[in-house]
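Since this is a predicted model, take the numbers as computed values, not measurements.
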Amino acid sequence: HKDKSDIVKKLESLNEEIQQGIHKNSLCPINVSMGVCRIAPNKSLQHIYSNAMIAKNQIKGKTNQFYSFFDEQRNKIFVEN
């Protein structure tokens with residue numbers, strides 16, 4: 001995707017579908033947490049997955065936020081501390 005807002009729209013649409021399924025009792029109640037990161041051609045799948053997990057862990061347990069984008073700057077500050 002070229003634009004972050006397109007990704008946000010898709011994530012919000014997916015979450016809305018999940019919430020509707022829960023409301024209709026067609027899905028078990030769950031809390032969704034998703035980490036999103038940019039795929040770089042020179043990075044390994046493990047590196048990409050790790051970045052997505054870092055982003056996800058930043059919001060895990062938060063009921064008002066279900067996705068987080070990986071931020072290299074924020075990660076550097078976290079690693080340094």
Side-chain angles (χ1 to χ4, degrees):
H1 297 279
K2 296 177 183 177
D3 191 287
K4 188 174 178 177
S5 65
D6 288 339
I7 296 169
V8 169
K9 287 177 189 174
K10 289 186 184 290
L11 291 170
E12 290 174 350
S13 176
L14 174 61
N15 189 56
E16 181 63 30
E17 286 184 46
I18 291 169
Q19 297 308 313
Q20 287 175 6
I22 292 169
H23 182 71
K24 294 176 184 175
N25 292 322
S26 61
L27 292 175
C28 296
I30 58 171
N31 290 323
V32 177
S33 297
M34 292 184 260
V36 182
C37 71
R38 184 176 304 274
I39 296 177
N42 59 339
K43 300 293 183 184
S44 70
L45 182 57
Q46 184 173 356
H47 182 83
I48 294 165
Y49 177 77
S50 293
N51 288 348
M53 290 301 293
I54 289 167
K56 182 184 86 86
N57 287 335
Q58 292 173 348
I59 56 148
K60 190 172 183 175
K62 294 183 181 179
T63 57
N64 62 339
Q65 192 175 358
F66 64 93
Y67 66 87
S68 176
F69 286 88
F70 178 78
D71 183 320
E72 191 70 48
Q73 293 293 58
R74 186 171 39 181
N75 187 52
K76 284 181 184 178
I77 292 168
F78 176 76
V79 170
E80 289 171 358
N81 292 330

Asker: Starting from Leu45, can I reach Met34 by hopping between I/L/V/M/F/W/Y residues whose side chains sit under 4.5 Å apart?
Answerer: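 Different clusters: Met34 never reaches Leu45 through Ile, Leu, Val, Met, Phe, Trp or Tyr contacts under 4.5 Å.
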Asker: Hey, could you give me the CG/CD1 distance between Asp71 and Ile54, rounded to the nearest 0.5 Å?
Answerer: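 Going from CG on Asp71 over to CD1 on Ile54, the span is 11.0 Å.
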Asker: Between the main-chain N or O of Met53 and the side-chain N or O of Asn57, is there a donor-acceptor pair closer than 3.5 Å?
Answerer: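 At least one qualifying donor-acceptor pair exists.
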Asker: Step by step, would you call Asp6 with Val8 a side chain to side chain contact (heavy atoms under 4.5 Å, CB included)?
Answerer: CA-CA 5 Å; Asp6 288 339; Val8 169; over 6 Å; no
Asker: Would you please name every residue forming a side-chain hydrogen bond (donor to acceptor under 3.5 Å, both in side chains) with Glu16, sequence neighbours left out?
Answerer: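 Applying side-chain hydrogen bond (donor to acceptor under 3.5 Å, both in side chains) to Glu16 gives Gln20.
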Asker: Looking at every non-hydrogen atom in both residues, tell me the closest pair between Ala55 and Gly35 and how far apart they are.
Answerer: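 That closest heavy-atom pairing would be CB-CA, 3.8 Å.
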Asker: Would you compute the distance between atom CD1 of Ile18 and atom OG of Ser26 and round it to the nearest 0.5 angstrom?
Answerer: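 So the gap between those two atoms works out to 11.0 Å.
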Asker: Rounded to the nearest 0.5 Å, how far apart are OG of Ser33 and CD of Gln58?
Answerer: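 One gets 12.0 Å once the value is rounded to the nearest 0.5 Å.
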Asker: With ring-ring contact (aromatic ring centres under 6.0 Å, His included) as the rule and sequence neighbours excluded, what pairs involving residues 16-68 come up?
Answerer: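 Every pair satisfying ring-ring contact (aromatic ring centres under 6.0 Å, His included) with a residue in residues 16-68: Tyr67-Phe69.
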Asker: Go through the steps to decide whether Ser13 and Glu17 satisfy the test side chain to side chain contact (heavy atoms under 4.5 Å, CB included), and finish with yes or no.
Answerer: CA-CA 6 Å; Ser13 176; Glu17 286 184 46; 3.9 Å; yes
Asker: Nearest 0.5 Å please: distance from the CD atom of Gln65 over to the CG atom of Asn15.
Answerer: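 Separation between the atoms: 11.5 Å.
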Asker: OG of Ser5 to NZ of Lys10: how many Å apart, nearest 0.5 Å?
Answerer: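 Result: 11.0 Å between the selected atoms.
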Asker: Mark yes or no for whether Ser68, through its side chain, and Lys56, through its backbone, hold a donor-acceptor pair below 3.5 Å.
Answerer: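 Side chain of Ser68 to backbone of Lys56: no pair is present.
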Asker: Out of Val36, Asn51, Ile48, which one pairs with Phe70 under the side-chain contact (heavy atoms from CB on, under 4.5 Å) rule?
Answerer: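 Only one of Val36, Asn51, Ile48 forms a side-chain contact (heavy atoms from CB on, under 4.5 Å) with Phe70, namely Asn51.
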Asker: Under a 4.5 Å side-chain heavy-atom rule over Ile, Leu, Val, Met, Phe, Trp and Tyr, are Val32 and Ile59 clustered together?
Answerer: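 Unlinked, Val32 and Ile59 end up in two clusters.
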Asker: So does Gln46 get a backbone contact from the side chain of Ser50, meaning a donor-acceptor N/O pair under 3.5 Å?
Answerer: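 The answer is yes, because a donor-acceptor pair under 3.5 Å joins these two groups.
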